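Note sheet for the following structure.
What you see is a predicted model, and the numbers here were worked out from it, not measured in a lab. A note on names: the letters A, B, ... follow the listed sequences, proteins ahead of strands, and every chain is numbered from 1.
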There are 2 protein chains.
Amino acid sequence: MGKNIPVPAIERLSKIYTVVSGLKKSDKKRISSAELESLTGIQAHSIRKDLSLLSPVKSGKEGYSTDSLEELVSATFGFNRKRRICVAGLDMLGMAILNNPDSALSGFEIAAGFDNSINRMEMITTKVPLYHFYEIEETVRRLEIEFAILAVDAEGAQKTADRLLAGGIRGILNFSPVILEPKLNLLVRNIYLLEELRLLSALLAQDPVPLTRGQTGAASPDKGNSEQYK
Amino acid sequence: MGKNIPVPAIERLSKIYTVVSGLKKSDKKRISSAELESLTGIQAHSIRKDLSLLSPVKSGKEGYSTDSLEELVSATFGFNRKRRICVAGLDMLGMAILNNPDSALSGFEIAAGFDNSINRMEMITTKVPLYHFYEIEETVRRLEIEFAILAVDAEGAQKTADRLLAGGIRGILNFSPVILEPKLNLLVRNIYLLEELRLLSALLAQDPVPLTRGQTGAASPDKGNSEQYK
DNA sequence: TCCTATCTGTGAATTATTTCACAGATAGGA
DNA sequence: TCCTATCTGTGAAATAATTCACAGATAGGA
């Protein structure tokens with residue numbers, strides 16, 4: 001149960017977990033680090049090294065057991081516990097996210113949607129309960145919502161984030177084009193379309209085109225326990 | 001004009017660019033590395049170091065000129081040239097992206113939308129020209145589209161990516177929950193909601209909660225000149 | 001049971017990135 | 001013009017992450 005797993009390793013392990021849990025359907029019992037490399041693009045070296053940071057030791061001639069590998073990562077990172085999340089901002093992007101089928105978000109449950117337009121909310125049909133922005137703090141606290149997907153416009157972003165935090169939210173996936181103020185006890189990952197496009201441009205301008213890392217949209221170094229951009 | 005700018009530095013510089021170009025409206029002529037730190041969360045150290053990788057040398061008692069800073073990053077990474085992009089897959093997520101106002105994507109122009117449902121496309125009103133998936137290759141080539149935003153479901157993702165690549169696309173922002181096959185000459189950045197949520201969980205499970213980096217949604221190390229996840 | 005081929009686990013070496021600390025440059029005031 | 005306060009630019013040091021290479025473990029066959 002290693003403390004201090006480097007962030008890049010966490011990112012790789014999450015990806016490995018995704019691949020392995022997707023694999024289980026296909027009754028594959030064991031998988032080698034080399035197979036994982038071809039499925040994930042992560043080098044076998046790194047896969048073994050990363051797993052050795054968690055692993056309670058075992059070895060063999062066959063690869064990893066998919067079951068125990070999934071269990072190991074899951075237990076280390078808390079993927080086994082279902083977490084409640086919410087979506088704040090229900091314009092097109094927010095609605096697209098709200099409409100994800102449960103199966104697409106396995107391990108997470110969208111427990112609430114928030115918007116500032118009563119009219120808009122009345123037109124929406126969804127099984128997710130909807131609330132006005134002014135109910136954010138109370139609702140997040142009452143439903144024990146841990147993460148928020150912030151899909152509001154630039155103007156409202158910081159204020160909405162503050163309300164979420166006041167309700168006790170632990171992490172925000174920020175789709176709004178704003179750099180949120182770093183706060184202690186709040187993880188932020190930014191997913192900013194324009195920034196991602198620029199990153200593609202910038203990477204392309206490098207010669208040779210670099211291999212890159214980390215990150216789905218990633219984040220950047222930050223003070224105050226939060227994470228910005230990627 | 002430094003070759004070999006490390007990827008993390010590229011990510012930070014892109015972010016700095018975003019902040020600085022946003023600042024220009026407010027008639028701010030000069031900005032210090034310390035001010036940039038408070039705006040971006042990137043340490044002043046790193047900002048100066050990163051800029052020194054590009055800078056043709058200059059110094060002074062005042063901070064950076066916002067104009068020349070913007071120009072420097074812009075020129076280094078090719079942000080000054082307008083690039084054409086497309087959106088493949090026009091369900092809710094794709095439509096949300098297609099409907100971004102031009103101003104939200106400054107430097108990029110959505111030159112085409114693609115979908116496999118003629119019915120769906122006929123119901124859409126947008127000023128972006130729409131085409132069927134089977135026109136992808138020809139259209140991407142004819143319009144010289146450089147980047148694609150892939151917002152199709154898991155089933156169609158790889159096939160659609162192949163068509164885009166056949167048309168000569170240089171980079172893909174992949175919103176579909178699939179790890180695309182690494183290809184030479186194709187940059188991929190994955191923005192995978194479930195993966196991002198898991199990353200939040202995993203980061204939270206670390207004690208102490210780590211500061212993180214890179215990336216808006218970021219990507220991970222890869223063979224074959226492409227970038228996966230983040 | 002023993003041997004071999006295979007694949008993991010991991011310390012050590014290498015490489016990359018970040019942080020530091022201070023020399024150098026400049027604007028502005030005296 | 002000279003002095004001072006301020007802020008950049010950047011080698012060097014420190015830290016972090018990746019890659020390597022091989023010892024150790026095991027399954028399966030002879």
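A donor-acceptor pair is defined here as one N or O able to donate and one able to accept, closer than 3.5 Å; no such pair exists between the side chain of A/Ser55 and the backbone of A/Leu51.
Shown here are the side-chain hydrogen bond (donor to acceptor under 3.5 Å, both in side chains) partners of A/Gln158, two or more places apart in sequence or in another chain: A/Asp162. The side-chain contact (heavy atoms from CB on, under 4.5 Å) check on B/Ser33 picks up B/Ala44, B/Ile47, B/Arg48, B/Tyr64, with sequence neighbours excluded. Legend: residues meeting side-chain hydrogen bond (donor to acceptor under 3.5 Å, both in side chains) with A/Ser52, ordered by chain and number and at least two apart, are absent. Take A/Asn80 and apply the side-chain contact (heavy atoms from CB on, under 4.5 Å) test, not counting sequence neighbours, and it matches A/Ser74, A/Ala75. The side-chain contact (heavy atoms from CB on, under 4.5 Å) check on A/Leu98 picks up A/Val87, A/Leu90, A/Met95, A/Ile110, A/Thr126, A/Val128, A/Leu130, with sequence neighbours excluded. B/Tyr17 is linked by a ring-ring contact (aromatic ring centres under 6.0 Å, His included) to B/Phe79, counting only residues two or more places apart in sequence or in another chain.
A straight line from CD1 of A/Ile10 to P of D/dA16 spans 14 Å, rounded to a whole angstrom. Computed from coordinates, the B/Glu37 CD to C/dC20 P distance equals 11 Å when rounded to whole Å. Separating the CD atom of A/Glu11 from the C1' atom of D/dA17 is a distance of 13 Å, rounded to the nearest angstrom. Rounding to whole angstrom units, CD1 of residue B/Ile5 and P of D/dT10 are separated by 13 Å. Taking atom CG on A/Leu72 and atom P on C/dT8, their separation rounds to 14 Å, with Å as the unit. Look at CG on B/Leu53: it is 13 Å from C1' on C/dA16, rounded to the nearest Å. A straight line from CD of A/Gln206 to P of C/dA16 spans 14 Å, rounded to a whole angstrom. In this entry the distance linking CG of B/Asp50 with C1' of D/dT8 reads 14 Å, nearest Å.
Applying the salt bridge (charged side-chain N to carboxylate O under 4.0 Å, His left out) test to every pair with at least one member in residues 63-77 of chain B, sequence neighbours left out, gives these pairs: B/Lys24-B/Asp67, B/Lys24-B/Glu70.
Taking only side-chain nitrogens and oxygens, B/Arg12 never comes nearer than 4.0 Å to OP1 or OP2 of C/dT17. In this structure, B/Tyr64 reaches the D/dG9 phosphate: one of its side-chain N or O atoms is under 4.0 Å from OP1 or OP2. Put simply, A/Ser33 has no side-chain N or O that comes within less than 4.0 Å of OP1 or OP2 on C/dC7. Proximity of B/Ser55 to the phosphate of D/dT8: no side-chain N or O atom is located under 4.0 Å from OP1 or OP2. Distances shorter than 4.0 Å separate none of the side-chain N or O atoms of A/Arg30 from OP1 or OP2 on C/dC7. Distances shown here put every side-chain N or O of A/Ser52 at or beyond 4.0 Å from the OP1 or OP2 atom of C/dT8.
Remark: the B/Ser46 side chain and the B/Arg12 side chain contain no N/O donor-acceptor pair separated by less than 3.5 Å.
Looking at DNA chain C, the stems built from 3 or more consecutive Watson-Crick or G-U wobble pairs, each pair with its key distances under 3.5 Å, are C:1-30 with D:1-30.
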For nucleotides 20-30 of chain D, just jot down a letter per nucleotide in 5' to 3' order: B, S or -, based on protein non-hydrogen atoms under 4.0 Å.
-> SB--BSBBS--
